[in-house]
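First up is the structure itself, then whatever we jot down about it.
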Amino acid sequence: MSVNEMFSSIQEFLSADHDVREDIRKVVQVLEQTAREILTVLQSVHQATGFKDIPSKCLRARELFLTVRNHLGDLKTKFPAEQYYRFHEHWRFVLQRLAFLAAFVVYLESETLVTREEVAQILGIEVEREKGFHLDIEDYLSGVLTLASELSRLAVNSVTAGDYTRPLRISNFINELDSGFRLLNLKNDPLRKRYDGLKYDVKKIEEVVYDLSIRGLSKVQESETAYEK
Amino acid sequence: MSVNEMFSSIQEFLSADHDVREDIRKVVQVLEQTAREILTVLQSVHQATGFKDIPSKCLRARELFLTVRNHLGDLKTKFPAEQYYRFHEHWRFVLQRLAFLAAFVVYLESETLVTREEVAQILGIEVEREKGFHLDIEDYLSGVLTLASELSRLAVNSVTAGDYTRPLRISNFINELDSGFRLLNLKNDPLRKRYDGLKYDVKKIEEVVYDLSIRGLSKVQESETAYEK
Amino acid sequence: MSVNEMFSSIQEFLSADHDVREDIRKVVQVLEQTAREILTVLQSVHQATGFKDIPSKCLRARELFLTVRNHLGDLKTKFPAEQYYRFHEHWRFVLQRLAFLAAFVVYLESETLVTREEVAQILGIEVEREKGFHLDIEDYLSGVLTLASELSRLAVNSVTAGDYTRPLRISNFINELDSGFRLLNLKNDPLRKRYDGLKYDVKKIEEVVYDLSIRGLSKVQESETAYEK
Amino acid sequence: MSVNEMFSSIQEFLSADHDVREDIRKVVQVLEQTAREILTVLQSVHQATGFKDIPSKCLRARELFLTVRNHLGDLKTKFPAEQYYRFHEHWRFVLQRLAFLAAFVVYLESETLVTREEVAQILGIEVEREKGFHLDIEDYLSGVLTLASELSRLAVNSVTAGDYTRPLRISNFINELDSGFRLLNLKNDPLRKRYDGLKYDVKKIEEVVYDLSIRGLSKVQESETAYEK
Amino acid sequence: MSVNEMFSSIQEFLSADHDVREDIRKVVQVLEQTAREILTVLQSVHQATGFKDIPSKCLRARELFLTVRNHLGDLKTKFPAEQYYRFHEHWRFVLQRLAFLAAFVVYLESETLVTREEVAQILGIEVEREKGFHLDIEDYLSGVLTLASELSRLAVNSVTAGDYTRPLRISNFINELDSGFRLLNLKNDPLRKRYDGLKYDVKKIEEVVYDLSIRGLSKVQESETAYEK
Amino acid sequence: MSVNEMFSSIQEFLSADHDVREDIRKVVQVLEQTAREILTVLQSVHQATGFKDIPSKCLRARELFLTVRNHLGDLKTKFPAEQYYRFHEHWRFVLQRLAFLAAFVVYLESETLVTREEVAQILGIEVEREKGFHLDIEDYLSGVLTLASELSRLAVNSVTAGDYTRPLRISNFINELDSGFRLLNLKNDPLRKRYDGLKYDVKKIEEVVYDLSIRGLSKVQESETAYEK
Amino acid sequence: QPKKDEKDNNINISSPVMMAFKVFQVELDTKHDKYERLVKLSRDITIESKRTIFLLHRMTSVPDAEVLKESECKLDGIRLKIKQIAKELIGEDLYQYHRAFTPGIQEYVEAISFQHFIKERSLLSLQEINQRLIFADNENSEGSQGTSTDHPEQQGRVLFFQVTAIDYLLGIADLTGELMRMCINSVGNGDIETPFKLCQFLRQIYDGFSYIGNTGPYEVSKKLYTLKQSLGKVEDACYTLKVRGSEIPKHMLADVFTSRAAMIEPDEVMS
Amino acid sequence: QPKKDEKDNNINISSPVMMAFKVFQVELDTKHDKYERLVKLSRDITIESKRTIFLLHRMTSVPDAEVLKESECKLDGIRLKIKQIAKELIGEDLYQYHRAFTPGIQEYVEAISFQHFIKERSLLSLQEINQRLIFADNENSEGSQGTSTDHPEQQGRVLFFQVTAIDYLLGIADLTGELMRMCINSVGNGDIETPFKLCQFLRQIYDGFSYIGNTGPYEVSKKLYTLKQSLGKVEDACYTLKVRGSEIPKHMLADVFTSRAAMIEPDEVMS
Ligand SMILES: [Mn+2]
Ligand SMILES: [Mn+2]
């Protein structure tokens with residue numbers, strides 16, 4: 001093969017690569033758009049009025065996740081399955097965001113931690129790399145960390161909205177999450193940096209719980225709630 | 001035309017260009033001076049005593065904006081209208097600052113979000129690119145984001161000054177702003193970075209509202225206000 | 001107009017802007033591709049065999065410039081003419097490159113310095129800013145400086161290819177160019193830096209002429225050429 | 001004079017210059033050492049126990065400033081007065097630091113802003129450039145900005161140490177400082193950058209005051225203090 | 001004096017300083033213009049035809065130096081003499097360039113090294129720092145180093161122009177210069193870097209002399225010259 | 001040990017370290033001075049007149065090396081012998097230079113490559129690290145590479161001076177050196193960079209030898225020399 | 001093209017110059033190989049040290065015997081690696097290869113001083129660190145290690161490694177980041193004593209570093225900024241604890257809170 | 001301080017969340033360990049490739065069978081390392097660990113394409129490089145290798161490694177630097193044919209890179225400048241050869257030089 005032919009064939013490769021990336025970029029843009037819509041739906045729970053109809057918001061988010069599944073299905077067709085990490089940077093950010101949104105929905109619905117399997121199922125993708133377009137473990141963890149900081153905000157706002165029991169439940173949830181993360185040996189990478197933020201979320205929630213405790217507000221409501229039932 | 005002649009004519013061109021830039025620089029310096037004066041007037045609202053005579057401060061700022069209009073009118077004459085973006089960098093910073101100041105005045109006066117049209121009107125410039133010296137949309141948005149961080153500071157200081165209802169109003173305003181921004185698909189540019197800061201302002205204000213709420217301070221004052229009426 | 005409505009209309013605006021940039025980016029990519037093809041054609045003059053059919057290479061390049069004209073014609077339609085400097089960065093690089101290629105073709109054809117008018121004519125664009133999509137003067141100068149360094153390489157390779165008279169002609173040409181640039185008062189910007197490189201090209205070519213001169217090679221060939229006639 | 005003779009005399013000159021710089025460097029090193037000692041003394045006010053004996057710490061710092069005066073007196077003798085700016089870089093850093101330390105001592109003693117005259121007097125140097133070894137105005141301003149950030153730290157730590165009234169006083173002081181700086185038209189230089197940091201100090205201190213205010217802590221102590229009297 | 005008053009007076013000071021710098025900048029621009037003109041006059045000695053009327057070129061340069069003296073005289077009035085090093089960076093570059101040009105003229109006239117005194121006299125400034133606006137020794141040396149590289153170019157071009165004796169004279173001159181510089185103990189600064197370039201000039205000129213020597217060209221001409229006399 | 005004590009002891013260590021380095025720096029400055037003097041002595045061999053009294057120059061250099069030995073003897077006393085590499089950077093440069101100068105003297109005397117042992121002996125230091133202050137192998141090699149480039153210059157100048165046999169001998173010498181260096185596996189460090197220059201020295205000498213050959217100059221003189229003997 | 005061979009033949013392969021360069025080749029390769037082995041050891045040490053630190057963070061405020069024991073095991077493993085470094089450096093100038101292993105050693109200092117602080121609430125000194133890096137040289141019994149340097153006269157002797165003062169300083173500077181993390185964790189765990197202790201300790205270290213100032217090497221000065229930030233975070237945390245702790249529960253509706261003591265132990269309420 | 005323990009106990013160590021995170025721990029550690037092993041392999045490959053290149057430069061212009069054989073041995077050794085990489089990557093996504101081994105692979109491309117040019121005077125293609133990276137997976141017989149991944153279903157199968165187009169490009173960009181060195185060496189050795197051949201070849205590669213332009217990744221564009229400089233040096237060398245070769249020996253005093261042929265073979269005169 002002559003030098004010219006060699007470079008021509010490489011140029012062809014680069015062109016093809018460029019086209020694949022353009023295609024991916026387009027789908028990712030649409031995904032980001034939908035992710036922003038889901039975020040807007042879920043964000044409203046922070047407002048005083050928002051605490052009432054959490055279930056309906058979750059339903060709306062679930063609907064939008066169906067659209068996400070379609071887009072992700074589309075994304076999979078844009079490149080060979082075994083080259084996931086070649087293009088990872090393109091969708092890494094949006095996938096972390098979607099993992100967070102899935103985790104948020106699941107938390108609002110059931111106050112449990114979404115599993116990697118559940119996120120994958122909600123997004124219509126795989127858990128295991130071997131099986132196809134999957135959710136990278138670090139992206140899943142990153143999404144979970146975003147949830148933690150969202151919940152610390154929720155704890156604050158639920159007090160404002162007069163719900164004094166939620167912060168305690170969030171506190172237990174986040175504490176377990178924190179214990180989980182402490183098991184991990186992270187490298188000096190973005191995930192580590194985000195994990196460093198988790199301590200501040202834990203701290204913030206602890207402060208809210210403290211504020212409620214010294215005012216006896218948590219207990220009061222618990223008993224109130226008990227009576228109401 | 002000989003090479004030398006051509007280069008001579010190019011040099012004439014470059015000289016002229018250099019002069020235009022010098023002229024622009026001078027007007028911009030004067031604008032920055034006035035912008036700092038407006039800022040000093042408005043900054044005083046953060047002080048305990050400042051909450052009382054907001055209206056008079058706004059009036060003073062409005063007067064200074066008349067001077068700004070004159071300077072901007074002067075600026076327009078320094079270069080051909082269709083070369084706005086050729087020299088944009090020169091005035092970009094001060095225009096963002098003036099947009100913020102306009103937004104701050106309007107907020108203090110009416111607790112509403114200044115529109116692009118209003119800013120343009122206050123500054124005596126155009127909204128639409130086609131019509132002449134205008135307010136670039138990103139510069140408007142940048143000014144609005146500065147307002148958000150100024151308001152988070154105002155929420156804090158209004159509590160110190162004993163005004164317990166303002167933070168809640170600010171909180172609502174900022175939430176609306178935040179939803180607004182969530183409609184935008186920003187590029188990875190300075191504006192996006194500044195927008196990422198908005199969520200800290202939102203959170204800060206929510207915490208102020210929380211602090212008032214858990215201590216029953218917001219309600220107290222509301223009822224007080226009610227009684228007073 | 002509510003905040004949401006206003007932001008929706010801003011998003012429309014931003015979307016439109018984003019689309020314009022995408023369109024521009026695509027055309028620019030095609031332009032870069034063609035520019036690389038012209039470069040490949042013209043670059044081959046450096047090869048030992050390349051000195052023979054310069055005219056045919058120039059013809060081929062001229063053909064490709066017709067394609068360039070079409071693309072540039074296309075580019076013009078992508079945005080309003082008065083926003084040239086708003087998007088300048090997108091095509092600045094490729095336009096400098098095309099200016100160089102035009103200058104190279106013209107030099108190879110006639111051993112003269114292409115004027116700004118000629119470049120504009122070859123590219124099918126305007127010289128004067130006011131008339132529409134034009135060749136910015138600094139981009140023209142940048143292209144001319146690239147020509148200088150290409151010619152210093154050509155001087156070397158023409159000797160290797162056995163052409164002993166060309167270097168002297170190049171030397172005269174470059175000296176004239178150098179005097180031209182000395183008329184300019186350049187700012188401390190990239191162009192100034194590139195201009196500082198010109199003196200190395202001048203020196204390099206002078207050394208080639210020196211090498212020929214001390215060995216009596218330039219004279220020999222001149223007389224040979226004389227005999228041939 | 002032969003070339004060699006001329007270069008010999010130049011070398012003598014360079015040697016002399018080199019010696020001057022060596023001498024300056026040595027005195028500056030000693031100055032830095034003393035400055036670090038003053039810092040150690042003053043920094044201890046941040047400790048829980050440190051708030052008690054501020055006066056004695058200030059006295060100790062004042063003593064060390066006498067040493068500084070001696071060193072600076074020594075420094076002046078190392079070079080001709082009119083070459084101040086020739087060697088400015090050598091002592092610029094330590095002089096800014098000393099200006100800060102002087103400002104810190106004066107603040108701790110009297111809660112006032114040290115004037116340029118006072119700093120000069122404490123350091124035993126001149127205020128006016130014409131009179132000899134002086135305090136450059138930008139170095140003074142730089143020292144004052146360092147004070148601002150030190151005071152924001154002090155506000156936090158004084159609360160931890162149980163002193164609830166100091167933050168309010170610091171807040172007023174910093175606000176005055178901030179208005180002062182807003183009168184200045186700073187260039188885009190290091191000082192400007194440092195000034196941009198001032199607003200974070202202002203905000204930080206306002207938040208401390210807020211925290212005290214919302215908990216009624218500032219008032220409580222004030223009345224306590226009142227009772228004590 | 002209140003804080004505000006103090007900052008107002010500081011602002012007056014800063015404004016005055018800003019004005020001084022603007023004034024200096026303007027004069028320096030004019031100086032650069034004239035320096036470029038002198039350069040253009042002297043550069044032409046490199047061309048084949050240029051070797052003939054060196055004297056007339058030198059006369060023309062001398063005339064232009066009179067203009068330079070006027071501008072420098074003007075520059076001196078813009079700031080207090082003892083603040084030379086405060087503003088040194090503004091004119092350092094152009095003064096190095098003028099020192100080079102003076103050195104070049106003197107070399108062309110008499111093939112001797114211009115002394116610092118002569119440069120100062122040509123520019124109408126002082127040699128000694130104490131006496132006022134002077135030529136910093138490092139700027140003088142920098143100008144001399146530029147001369148060395150100009151002469152290596154001249155050696156090459158004089159051969160091209162058929163003058164085979166000049167390179168030997170240049171070689172001797174440069175060797176003397178090199179020994180001179182070897183007497184200096186330079187710091188690790190820009191000057192040292194430029195000095196490191198001197199050895200390339202020395203080598204280049206030696207190679208020119210070698211080229212002439214191995215071809216018996218230097219001798220030939222010497223004897224020719226001898227005959228001519 | 002308390003934190004304070006710990007830091008005091010480290011500060012003591014740093015002070016001691018600083019003093020050692022100051023001491024070393026002073027001796028190194030003196031060494032550099034002497035090295036420059038040796039260089040000036042040896043440099044003169046490049047001049048036409050210099051070829052005659054090489055032996056006397058070498059003697060003079062040898063004398064100066066005695067001074068170097070004294071300084072190096074002094075240097076050894078400034079720090080613990082086993083911490084050579086802790087301070088290596090301080091004398092690395094001057095030792096490479098001295099190694100070059102020793103190699104140059106030895107070459108001029110005997111046209112052989114100085115061994116590491118000889119350099120060490122001339123400088124009065126060790127070859128083996130274990131034995132004390134020694135010559136690092138890379139510093140030795142670096143010195144040898146400087147010799148190569150000095151000899152390529154000498155080859156050129158010896159032709160100018162009419163000595164046509166020396167280049168051939170230099171060529172053989174350098175070729176052997178080149179073969180030696182090719183045995184080494186260098187890292188991407190300064191030495192590698194310097195080694196890359198060796199090829200150009202080899203090339204230059206080859207060109208000189210070629211120039212002589214095609215003119216039959218080397219043979220002629222050889223026979224001449226033969227006759228003279 | 002026979003001439004090239006001829007030329008090559010000119011250079012006598014066994015000439016003194018060529019012989020010398022063959023020696024140089026071996027010397028340089030040996031050095032580079034050793035350097036490379038040290039880099040690898042350093043990387044291993046870095047990773048294991050980082051994992052030790054993560055392990056230690058798994059404890060909440062009170063020292064946990066099991067975790068401490070596990071960390072001790074890990075540190076023992078790291079010390080074995082340092083012993084290998086020490087072996088490589090037998091008879092060498094430590095500073096010649098310093099750049100190869102300094103990252104790992106700094107990380108080790110960070111890990112062991114962190115463990116020490118957790119156990120003892122004090123600063124581990126350089127001397128103490130170095131004392132634990134004296135090893136018995138039982139090379140024969142280990143055999144499997146790749147080090148080929150076999151100094152018969154060294155056998156049975158004592159091997160030791162010396163951490164330099166600068167590496168110690170840099171390790172301690174990084175330690176402060178971990179202490180800050182520990183502080184925030186403590187607050188989150190409802191432990192309100194540890195933060196104040198940490199704050200005190202960090203202030204001492206910060207004062208120590210300001211005392212040294214810019215007399216240390218550049219790398220130390222560079223870490224000062226991060227150190228200051230960490231201290232700021234810890235001071236803020238203590239401030240918050242103080243502010244909320246001193247709040248008088250005016251609006252208190254419950255009856256449990258009557259004494260100040262109850263306020264300091266909020267966990268009981270929570271659990 | 002009994003409350004902390006209480007708090008800890010709240011978190012059930014065998015809760016689903018904790019169980020999941022234990023799995024994550026293993027997964028992340030496994031990945032990082034593999035990454036680290038690949039980095040070490042890459043470093044080894046880099047060093048050996050560089051040494052191979054030095055070895056090849058030891059030849060003067062004519063291919064030297066012995067040196068070529070030795071270089072082949074070295075390259076075989078490197079390929080064994082690449083095989084180890086390939087083993088690590090069995091069942092993995094190559095791009096997930098790409099950053100770990102890309103420096104070594106680029107250096108290998110540089111070394112083997114340099115050897116190929118010396119032998120064949122042509123450009124080694126990416127396909128040819130990859131063909132030589134297909135290995136028989138005889139893991140059992142090698143045993144000693146540290147790789148622990150034991151995929152029973154993979155045994156007896158074929159192992160292969162695929163150099164990516166970008167790594168190939170980057171390796172070739174670096175190759176041009178070595179070719180430039182070879183060119184200058186040739187001139188120094190009095191070989192006047194090789195430089196012209198090299199010049200021709202380098203121009204082709206340069207044209208190739210300009211054809212690709214900025215469509216490749218940033219790292220490629222970054223190397224273009226060095227590539228252009230190398231080409232310039234080679235063109236200058238050829239220019240010098242031409243200029244001096246075409247000089248008519250007017251001042252020739254000897255009788256040996258009568259034909260142009262003699263001028264091209266100066267070595268005979270020299271030796
Ligand atoms: Mn750490
Ligand atoms: Mn390479």
Side-chain angles (χ1 to χ4, degrees), chain F residues 1-19 21 79-89 112-118 127-130 134 136-138 140-141 144 171-187 189 191-192 206, chain G residues 7-8 10-13 15-33 35-36 91-99 113 117 122-128 164-166 168-169 172 200-217 220:
Chain F
M1 188 155 53
S2 79
V3 172
N4 253 351
E5 283 163 2
M6 189 70 225
F7 276 94
S8 289
S9 89
I10 286 177
Q11 172 59 29
E12 270 167 44
F13 167 86
L14 291 173
S15 276
D17 186 77
H18 180 259
D19 292 348
R21 288 178 194 274
F79 64 97
E82 76 277 10
Q83 297 187 12
Y84 183 92
Y85 284 102
R86 176 161 162 206
F87 305 110
H88 190 193
E89 286 308 316
T112 59
L113 176 63
V114 76
T115 61
R116 196 154 49 133
E117 286 72 19
E118 277 174 284
V127 173
E128 285 166 63
R129 191 187 53 71
E130 293 79 13
H134 69 290
D136 183 88
I137 185 168
E138 301 194 4
Y140 164 72
L141 292 172
V144 168
S171 172
N172 289 332
F173 177 83
I174 291 277
N175 270 319
E176 188 168 13
L177 207 59
D178 185 38
S179 305
F181 266 100
R182 286 187 197 210
L183 290 177
L184 306 182
N185 297 313
L186 300 172
K187 286 196 293 187
D189 58 5
L191 188 62
R192 168 70 190 271
E206 204 275 335
Chain G
K7 188 173 180 185
D8 281 352
N10 273 349
I11 285 134
N12 191 335
I13 304 178
S15 76
V17 170
M18 293 307 277
M19 294 308 287
F21 272 84
K22 272 181 195 149
V23 173
F24 299 157
Q25 183 191 43
V26 174
E27 193 171 331
L28 287 174
D29 285 355
T30 309
K31 203 170 80 179
H32 297 168
D33 289 346
Y35 190 92
E36 193 58 26
E92 300 284 357
D93 182 336
L94 175 125
Y95 287 97
Q96 190 172 12
Y97 297 98
H98 187 235
R99 264 159 38 93
S113 62
F117 178 82
S122 70
L123 180 63
L124 182 63
S125 74
L126 175 56
Q127 290 71 28
E128 288 167 287
T164 67
I166 306 294
Y168 173 74
L169 266 187
I172 296 301
Q200 181 83 348
F201 185 66
L202 268 183
R203 274 207 195 108
Q204 285 177 358
I205 293 184
Y206 179 69
D207 287 349
F209 272 97
S210 358
Y211 177 66
I212 284 177
N214 58 356
T215 60
V220 175

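Numbered from 1 within each chain, the chains take letters A, B, ... in sequence-line order.
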TODO: Go through the atoms of Tyr84(F) and report whether side chain, backbone, both or neither lie under 4.5 Å from a heavy atom of chain G.
DONE: both

Task: Contact origin within Arg129(F) toward chain G - heavy atom pairs under 4.5 Å - done: side chain

- [ ] Could you check if a side-chain atom of Glu128(F) sits within less than 4.5 angstrom of a side-chain atom of Arg116(F), using non-hydrogen atoms only?
- [x] no

- [ ] Of all the heavy-atom pairs spanning Phe7(F) and Leu123(G), show the shortest one and how long it is.
- [x] CE1-CD2, 4.4 Å

TODO: Name the option with the most non-hydrogen atom pairs under 4.5 Å to chain G; the candidates are Glu5(F), His18(F), Gln11(F), Gln83(F).
DONE: Gln11(F)

Open item on the list: Checking side-chain polar atoms at under 3.5 Å, does Tyr85(F) have a donor or acceptor matched by the opposite partner on Asp136(F)?
Closed with: yes

TODO: Measure the shortest side-chain to side-chain distance between Leu183(F) and Phe24(G) over non-hydrogen atoms and say whether it is less than 4.5 angstrom.
DONE: no

Open item on the list: Counting only non-hydrogen atoms closer than 4.5 Å, does Asp17(F) touch chain G with its backbone (N, CA, C, O), its side chain (CB onward), both, or neither?
Closed with: neither

Open item on the list: Can you tell me which portion of Glu128(G) sits under 4.5 Å from chain F's heavy atoms? Options are side chain, backbone, both or neither.
Closed with: neither

Open item on the list: If I measure from the heavy atoms of chain G, does Arg182(F) come under 4.5 Å with its side chain, its backbone, both, or neither?
Closed with: neither

TODO: Could you look at Ile205(G) and say if it's the side chain, the backbone, both or neither that has a heavy atom under 4.5 Å from chain F?
DONE: both

- [ ] Side chain from CB out, backbone as N, CA, C, O: work out which of these in Leu113(F) comes under 4.5 Å of a heavy atom of chain G, or both, or neither.
- [x] side chain

Task: Heavy-atom pair with the smallest gap, counting every atom of Leu126(G) and Ala165(G) - done: CD2-CA, 3.8 Å

Open item on the list: What part of Glu82(F) gets within 4.5 angstrom of chain G, counting heavy atoms only: side chain, backbone, both, or neither?
Closed with: backbone

- [ ] Report yes or no: do Thr115(F) and Glu118(F) form a side-chain donor-acceptor pair below 3.5 Å?
- [x] yes

TODO: Measure across Gly216(G) and Leu14(F) and return the closest heavy-atom pair with its distance rounded to 0.1 Å.
DONE: CA-CD1, 4.0 Å

- [ ] Examine Phe79(F) together with His88(F) and report whether their ring centres are nearer than 6.0 Å.
- [x] no

Task: Top of Asp29(G), Val17(G), Asp93(G), Leu169(G) for chain F proximity - count of heavy-atom pairs under 4.5 angstrom - done: Asp93(G)

Task: Per-residue contact mode, Ser122(G) against chain F (heavy atom under 4.5 angstrom) - done: neither

Task: Region of Gln204(G) that comes under 4.5 Å of a non-hydrogen atom in chain F - done: both

Task: chain F contacts, top residue of Lys31(G), Met19(G), Glu92(G) (heavy-atom pairs, under 4.5 Å) - done: Glu92(G)

Task: Atom group of Asn185(F) that falls short of 4.5 Å from chain G, counting heavy atoms - done: both

- [ ] Can you see which heavy atom on Gly180(F) is nearest to which on Met18(G), and at what distance?
- [x] N-SD, 3.7 Å

Task: Segment of Lys22(G) engaging chain F (4.5 angstrom heavy-atom cut-off) - done: both

TODO: Below 4.5 Å from any heavy atom of chain G, which atoms of Glu138(F) appear? Answer side chain, backbone, both or neither.
DONE: side chain

Task: Closest non-hydrogen atom pair between Phe21(G) and Leu141(F), with its separation - done: CE2-CD2, 3.7 Å

Task: Atom group of Phe209(G) that falls short of 4.5 Å from chain F, counting heavy atoms - done: both

Task: Atom of Thr164(G), atom of Tyr95(G) and distance for their closest heavy-atom approach - done: CG2-OH, 3.6 Å

TODO: Check each atom of Tyr140(F) against the heavy atoms of chain G and say whether the ones under 4.5 Å are side chain, backbone, both or neither.
DONE: side chain

